[in-house]
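Here's the structure we're looking at; comments come further down.
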Amino acid sequence: MEYITQMDAARKGIITKEMRIVSEKENISIEILMERMAKGQIVIPANKNHKSLDPQGVGRGLKTKINVNLGISRDCPNIDTELEKVKIAIDMKAEGIMDLSSFGKTEEFRQKLVNMSTSMIGTVPIYDAVGFYDKELKDITEKEFLDVVRKHGKDGVDFVTIHAGLNRDTAKIFKKNSRITNIVSRGGSLLYAWMELNNKENPFYEYYDELLDICAEYDMTISLGDALRPGSIADGTDAPQIAELMVLGELTKRAWEKNVQIIIEGPGHMKLNEIEANVLLEKKLCHGAPFYVLGPIVTDIAPGYDHITSAIGGAIAASHGVDFLCYVTPAEHLRLPTLEDMKEGIIASKIAAHAGDLAKGIQDADEWDLKMSKARQRLDWEEVFNLSIDEEKARRYRKESSPEHEDSCTMCGKMCSMRNMNRIMEGKDINILRTED
């Protein structure tokens, strides 16, 4: 090949098939797409071994994408159940699927996932390390951590979450600044524990150059993980979080020097009025790299409804420039999501992403809303259903409560504003009390 990674190709002026697909999907010129990819402002996560991939672009000027978390665990090890979720997530057009498997036949699940998925696949290799080696955390070596990343690259994973910003210096800042919820990142807490138990530097930070070489070999995008993200409103935008973000900015530059694509992961839990500042900080400190956020969750009081708390935060974050939203389900903080939980999380996240796209003026984003408004004005129920973000639910609600007159609903009946305004605008009479139409 004449190029190593998608970023390398963009810098050399080589148009890849993935670039052509993204350019057409996003209605953006190849020239602008390549310019932003060369600068690291847009990534196309596309592992050379992921043959079934339908490529997606993430970053500046593109539609906000969403990611779905799946995977097997010690308590829920059923591969078939999780693969059923994968099929539904793909059908619901989730652009990313992240395999968070931590126990059992993780390799088998990952390989099946990559083979069947048209969506880009992400993983967190440190989750897999304990089960892969059948060792206690403290006994895993630095080389073994890197070898797991290499295995994921070979299997076709498109992007990997690596918590390389949690080094000895940021760990000291964490220790000096007390938190309500300490370290809530699962990967971050595992790495912190490994560092403390072995009195060593974070292997992903110490051997970052070797990590970059592995990712470049497979064109695997690094999603620089936010190990010190806040896990409560009280901890939002604190010193450990910002200190880690500064390190992520340095690591971003080092990755770009080797043509490795980078995404920055962000918080987490925070108040509404802190979201815009957090987006600005990430874009400044990490040199315009795409920003990927979990939520953010804007209040801590809603277990069972965190798909809503995160959708509120996600919409605001996307409107200020966040590029990638990780979905949150109603089961967040409570259990492994069911299929229905996953569906609700996807819909909430898709609503947030689209609301953000409307606010930041993504090209053609408002066409969908305009078509829906015109269908409602015409009382064209079939078109309303076809345009709905959740067509099945819209049809079910309509069917469950049938109106007397088909050009209305059971909320307003013959007092329907659309129905009556259409008649008045056409010079017709309106009859609310009379039984004849």
Side-chain angles (χ1 to χ4, degrees), residues 40 123-130 137-150 152 159-179 181-216 220-231 235-258 260-268 278 281-287 289-294:
T123 60
V124 189
I126 191 171
Y127 293 177
D128 192 29
V130 174
L137 177 66
K138 70 172 293 187
D139 298 325
I140 299 173
T141 68
E142 293 93 327
K143 180 180 181 299
E144 287 173 333
F145 278 125
L146 292 174
D147 285 344
V148 171
V149 178
R150 183 177 287 106
H152 285 214
F159 65 101
V160 281
T161 293
I162 304 291
H163 300 88
L166 175 59
N167 58 20
R168 283 191 162 185
D169 290 337
T170 51
K172 287 177 184 177
I173 294 172
F174 162 70
K175 290 175 183 178
K176 290 178 181 178
N177 293 267
S178 62
R179 282 178 152 189
T181 48
N182 295 312
I183 297 177
V184 297
S185 160
R186 179 168 31 162
S189 66
L190 291 171
L191 272 174
Y192 182 80
W194 186 92
M195 292 163 66
E196 291 290 297
L197 291 169
N198 291 288
N199 193 28
K200 288 184 177 181
E201 179 59 277
N202 178 349
F204 294 122
Y205 181 79
E206 185 172 2
Y207 299 100
Y208 189 63
D209 285 331
E210 288 87 339
L211 173 70
L212 293 176
D213 291 339
I214 293 168
C215 292
M220 192 160 50
T221 300
I222 296 179
S223 185
L224 284 171
D226 50 343
L228 296 176
R229 69 174 180 263
D235 295 336
T237 321
D238 66 356
Q241 177 197 332
I242 303 306
E244 181 185 34
L245 188 61
M246 293 172 69
V247 176
L248 298 186
E250 297 167 7
L251 295 175
T252 296
K253 282 189 171 182
R254 287 174 60 185
W256 288 346
E257 288 170 3
K258 292 198 173 190
V260 174
Q261 300 184 104
I262 288 291
I263 296 172
I264 306 296
E265 293 188 13
N278 271 264
L281 278 172
E282 185 278 337
K283 292 292 183 178
K284 286 284 188 180
L285 295 175
C286 297
H287 322 292
F291 198 13
Y292 170 40
V293 298
L294 176 66

Would you say that [X] contacts [Y] through its side chain, given a criterion of any heavy-atom pair below 4.5 Å between the two side chains?
{"X": "V260", "Y": "W256", "value": "no"}
{"X": "V124", "Y": "V160", "value": "no"}
{"X": "E257", "Y": "L212", "value": "no"}
{"X": "F159", "Y": "M220", "value": "no"}
{"X": "F291", "Y": "V293", "value": "yes"}
{"X": "T221", "Y": "C215", "value": "no"}

Under 3.5 Å: donor-acceptor pair, side chain of [X], backbone of [Y]:
{"X": "Y205", "Y": "G165", "value": "no"}
{"X": "R254", "Y": "G249", "value": "no"}
{"X": "N167", "Y": "D169", "value": "yes"}

Looking at every non-hydrogen atom in both residues, tell me the closest pair between [X] and [Y] and how far apart they are.
{"X": "W194", "Y": "L137", "value": "CD1-O, 3.2 Å"}
{"X": "S185", "Y": "A227", "value": "CB-O, 3.4 Å"}
{"X": "L191", "Y": "P203", "value": "CD2-CD, 4.2 Å"}
{"X": "M195", "Y": "E201", "value": "CE-OE1, 3.9 Å"}
{"X": "L197", "Y": "K138", "value": "CD1-CB, 3.8 Å"}
{"X": "G40", "Y": "P290", "value": "O-CD, 3.2 Å"}

(message) A cation-pi test, strictly: NZ or CZ of R186 under 6.0 Å from the centre of the six-membered ring of Y127 and no more than 45 degrees from its axis. Yes or no?
(response) yes
Flag for [Y]-[X]: side-chain donor and acceptor within less than 3.5 Å:
{"X": "N202", "Y": "H163", "result": "no"}
{"X": "D235", "Y": "Q241", "result": "no"}
{"X": "T123", "Y": "H152", "result": "yes"}
{"X": "E265", "Y": "S223", "result": "yes"}
{"X": "N278", "Y": "T237", "result": "yes"}

As an exercise, state the distance from [atom1] of [X] to [atom2] of [Y], rounded to the nearest 0.5 Å.
{"X": "T252", "Y": "L245", "atom1": "OG1", "atom2": "CG", "value": "8.5 Å"}
{"X": "I183", "Y": "L166", "atom1": "CD1", "atom2": "CG", "value": "5.5 Å"}
{"X": "I264", "Y": "I222", "atom1": "CD1", "atom2": "CD1", "value": "10.0 Å"}
{"X": "M246", "Y": "L281", "atom1": "CE", "atom2": "CG", "value": "10.0 Å"}
{"X": "E282", "Y": "L248", "atom1": "CD", "atom2": "CG", "value": "9.0 Å"}
{"X": "E244", "Y": "L224", "atom1": "CD", "atom2": "CG", "value": "9.0 Å"}

(request) Using the side chain to side chain contact (heavy atoms under 4.5 Å, CB included) rule, take L211 and Y207 through it: C-alpha gap first, then chi angles, then the decisive distance, then the call. (result) CA-CA 6 Å; L211 173 70; Y207 299 100; over 6 Å; no
(message) Y192: which residues meet the ring pair (Phe, Tyr, Trp, His ring centres under 6.0 Å) condition with it, sequence neighbours left out?
(response) F174
Validation: residues 142-150 side-chain donor-acceptor distances under 3.5 Å, sequence neighbours left out:
from: E142; atom 1: OE2; to: K200; atom 2: NZ; distance (Å): 3.4
from: K143; atom 1: NZ; to: D147; atom 2: OD2; distance (Å): 2.7
from: E144; atom 1: OE1; to: K135; atom 2: NZ; distance (Å): 3.1
from: E144; atom 1: OE1; to: T141; atom 2: N; distance (Å): 2.9
from: E144; atom 1: OE1; to: T141; atom 2: OG1; distance (Å): 3.4
from: E144; atom 1: OE2; to: K135; atom 2: NZ; distance (Å): 2.9
from: D147; atom 1: OD1; to: R150; atom 2: NH1; distance (Å): 2.7

(request) Name all residues meeting the salt bridge (charged side-chain N to carboxylate O under 4.0 Å, His left out) criterion together with E196; count only those two or more places apart in sequence or in a different chain, and write none if there are none. (result) K175
(request) Given side chain to side chain contact (heavy atoms under 4.5 Å, CB included), test D209 with K258 step by step and report yes or no. (result) CA-CA 9 Å; D209 285 331; K258 292 198 173 190; 3.9 Å; yes
